[in-house]
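Given the structure is predicted, the values throughout are model-derived calculations rather than measurements. Counting from 1, the numbers follow the sequence of the chain as shown.
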Amino acid sequence: MSAFKLSPLKKLEIILEGEHREFATGLLDRADVKGYTIVGNLSGKGSQGFYEGHLMFNEDDALIMIIVAVPPNLVDALLEGFQPFFEAHSGVIFVSDIQVGRPVKFMA
């Protein structure tokens, strides 16, 4: 029996206001990222204070997190693309090392 083979990738967790969803997904699409997951209505506390995760008027008023797994060589370009945005808007990007099975699902 063969062992399940894992391959190294990087995970980006991008947290920003929902009104900026199209900017973030557009940047990921232009970088030929194969896919991402969007989690809405986040709650939490940061330097801007406490954010309540329920919808007030529409999804644009809540925080979202976009989770994406990418090859390590794509991380610097993505961070460079997001840098001007985060200089003008609140939010954060977490980058971590991950291992995935079926890496073909994440490669452009």
Side-chain angles (χ1 to χ4, degrees):
M1 177 177 267
S2 63
F4 193 72
K5 182 161 171 60
L6 296 174
S7 298
L9 289 179
K10 296 284 189 176
K11 178 172 70 171
L12 279 65
E13 295 167 289
I14 306 156
I15 300 175
L16 46 86
E17 294 169 336
E19 68 181 289
H20 303 297
R21 175 182 177 158
E22 287 185 25
F23 166 79
T25 57
L27 192 149
L28 295 171
D29 291 340
R30 286 189 304 280
D32 291 326
V33 169
K34 293 260 308 227
Y36 40 81
T37 299
I38 300 173
V39 180
N41 304 321
L42 299 179
S43 293
K45 183 179 177 186
S47 62
Q48 302 289 321
F50 187 80
Y51 282 91
E52 189 65 43
H54 63 79
L55 294 177
M56 295 171 132
F57 300 106
N58 60 47
E59 292 179 348
D60 290 347
D61 291 333
L63 290 178
I64 63 170
M65 177 171 34
I66 303 171
I67 305 166
V68 59
V70 297
N73 64 339
L74 193 53
V75 173
D76 286 341
L78 288 171
L79 294 177
E80 185 176 317
F82 276 107
Q83 181 178 352
F85 173 84
F86 284 116
E87 288 174 359
H89 303 281
S90 63
V92 67
I93 298 179
F94 299 103
V95 179
S96 55
D97 295 321
I98 60 171
Q99 298 284 322
V100 301
R102 303 178 68 199
V104 68
K105 294 286 192 181
F106 303 96
M107 305 295 186

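Contact check for S90 versus E17: side-chain heavy atoms found under the 4.5 Å cut-off. For the pair S96 and K10, the minimum side-chain heavy-atom distance is 4.5 Å or more. By the 4.5 Å heavy-atom criterion applied to side chains, I38 and R21 are counted as neighbours. Here the side chains of V70 and V33 are in contact, with some heavy-atom distance below 4.5 Å. Residues F85 and L27 have side chains not in contact (no heavy-atom distance under 4.5 Å, counting atoms from C-beta outward). Side-chain contact between I67 and M65 is present, with at least one heavy-atom pair separated by less than 4.5 Å.
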- Query: What's the verdict on side-chain contact (heavy atoms from CB on, under 4.5 Å) for L12 and F94, showing C-alpha distance, side-chain angles and the deciding distance?
  - Reply: CA-CA 6 Å; L12 279 65; F94 299 103; over 6 Å; no

(request) Using the side-chain contact (heavy atoms from CB on, under 4.5 Å) rule, take I66 and T37 through it: C-alpha gap first, then chi angles, then the decisive distance, then the call. (result) CA-CA 6 Å; I66 303 171; T37 299; over 6 Å; no

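Shown here is E87, whose CD atom has more than 12 heavy atoms of other residues, nucleotides or ligands within 6.0 Å. Heavy atoms of other residues, nucleotides or ligands lying less than 6.0 angstrom from CD of Q99 number more than 12.
The aromatic rings of H89 and H20 sit tilted relative to each other, their planes meeting at an angle between 30° and 60°.
Remark: F106 CZ to Y36 OH distance equals 14.5 Å, nearest 0.5 Å. Rounding to the nearest 0.5 angstrom, the gap separating the NZ atom in K105 from the CG atom in L9 is 13.5 Å. Here the CD1-CD1 distance, from I15 to I64, works out to 10.0 Å after rounding to the nearest 0.5 Å. To the nearest 0.5 Å, atom CD1 of residue I14 and atom CG of residue L78 are 7.0 Å apart.
Of all heavy-atom pairs spanning N41 and A62, the tightest one is OD1-CB, 3.6 Å. Here the shortest heavy-atom pairing between A24 and L16 reads CB-CD2, 3.9 Å. Of all the heavy atoms in I98 and A69, the pair that sits closest is CD1-CB, 3.8 Å. A pairwise comparison of heavy atoms in S7 and P103 identifies OG-CG, 3.4 Å as the closest pair.
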